[in-house]
Amino acid sequence: MNITKPGLILFLTLLLASLMVGVSLYMTNRALQERLSPIQELTGKLSTQVAQALSPTPTVLPDPVTIIREVRSLARLETIQFSVEKIITAEVNQGILAPLIGDKLLLIAHGYVIAGIDLGKLQPADLKVEHGVLYVQLPEAEIFVATLDNEKTYIYDRETGLLTKGAIDLETAARRVAEMEIEKAAREDGILILARQNAESYLYLLFQELGFHEIIFVQPEPTSTVQPPAP
């Protein structure tokens with residue numbers, strides 16, 4: 001087929017015009033997409049927020065009875081330890097015959113006292129959930145251990161009469177009294193109060209891990225020591 005020169009010029013003109021129209025449409029479409037991109041992103045974010053609002057994250061609170069099983073597995077929760085030193089004097093057969101049959105010793109006693117909460121005593125009624133708040137009534141704090149440290153406890157001085165080698169049970173009696181005095185000193189220094197406070201601090205974090213966000217520890221009512229009048 002022979003193409004005349006005017007026909008070739010017309011063909012090339014139409015082809016160039018088509019290419020220019022295509023390029024123009026492509027550039028227009030690309031510019032439009034760039035303009036619409038922020039709007040599409042905003043619409044996507046709004047859709048996500050609406051979906052989250054319509055489907056909030058559920059709050060799951062475990063049954064208090066199950067918590068009792070969890071906590072009881074801790075059994076005795078030791079929360080504080082006191083180290084105590086006492087000087088104990090023990091003597092026998094003192095008086096006018098002391099130089100002959102007397103016995104006297106000075107004991108330097110080192111010991112420790114451990115206190116805490118026995119979580120095995122928790123009952124179902126001690127844990128209550130009301131309006132998402134966990135109310136906890138712990139058992140009374142108690143002394144678990146009150147004993148001497150035998151490596152640090154020693155007799156500082158002992159005086160025996162000329163006619164005796166000393167009472168066999170005098171040191172044993174002194175050590176027994178020392179243990180009682182060490183426990184007494186720890187109680188007077190408030191070991192049981194601190195043991196309860198430490199237990200509450202520890203269990204507060206534990207209950208939060210179990211899903212409770214508000215925990216209130218209920219203090220036990222003081223036991224009345226007033227005796228009823230005699231009939």
Consider only side-chain heavy atoms of I, L, V, M, F, W and Y, link residues closer than 4.5 Å, and tell whether [X] and [Y] are in one cluster.
X: L210; Y: Y204; result: yes
X: L77; Y: V136; result: yes
X: V113; Y: I117; result: no
X: Y112; Y: L107; result: no
X: L194; Y: L203; result: no

Distance-only donor-acceptor pairs under 3.5 Å for side chains of residues 166-173, two or more places apart:
unit_1	atom_1	unit_2	atom_2	d
E171	OE2	R175	NE	3.2
E171	OE2	R175	NH2	3.4

Rounded to the nearest 0.5 Å, what's the gap from [atom1] on [X] to [atom2] on [Y]? Could you check?
X: R187; Y: I193; atom1: CZ; atom2: CD1; result: 12.0 Å
X: F144; Y: E78; atom1: CZ; atom2: CD; result: 6.5 Å
X: I216; Y: F207; atom1: CD1; atom2: CZ; result: 13.0 Å
X: E179; Y: E183; atom1: CD; atom2: CD; result: 9.5 Å
X: K86; Y: I108; atom1: NZ; atom2: CD1; result: 11.5 Å
X: S201; Y: L206; atom1: OG; atom2: CG; result: 12.5 Å

Main chain of [Y], side chain of [X]: is a donor-acceptor contact present, judged purely on distance under 3.5 Å?
X: T153; Y: H110; answer: yes
X: D189; Y: I191; answer: no
X: N198; Y: A195; answer: no

Closest contact, heavy atoms only, [X] versus [Y]:
X: L148; Y: A109; answer: CD2-CB, 4.0 Å
X: A174; Y: I88; answer: O-CG2, 3.9 Å
X: L122; Y: P139; answer: CD2-CD, 3.9 Å
X: I215; Y: F212; answer: CD1-O, 3.6 Å
X: K121; Y: D126; answer: O-OD2, 4.0 Å

Side chains of Q219 and R196: does their closest heavy-atom pair fall under 4.5 Å?
yes
Are L138 and F217 packed together at the side-chain level, in the sense that at least one heavy-atom pair is separated by less than 4.5 angstrom?
yes
Please lay out, stage by stage, how L192 and I143 fare under the test side-chain contact (heavy atoms from CB on, under 4.5 Å).
CA-CA 8 Å; L192 294 180; I143 301 292; 3.9 Å; yes
Among residues two or more places apart or on two chains, list those pairs meeting side chain to side chain donor-acceptor pair (under 3.5 Å) that have a residue in residues 91-106.
D103-R158
With sequence neighbours excluded, tell me which residues meet side chain to side chain contact (heavy atoms under 4.5 Å, CB included) with I96.
none
Count the heavy atoms belonging to other residues, nucleotides or ligands that lie under 6.0 Å from CD1 of I87, then report whether that count exceeds 12.
no
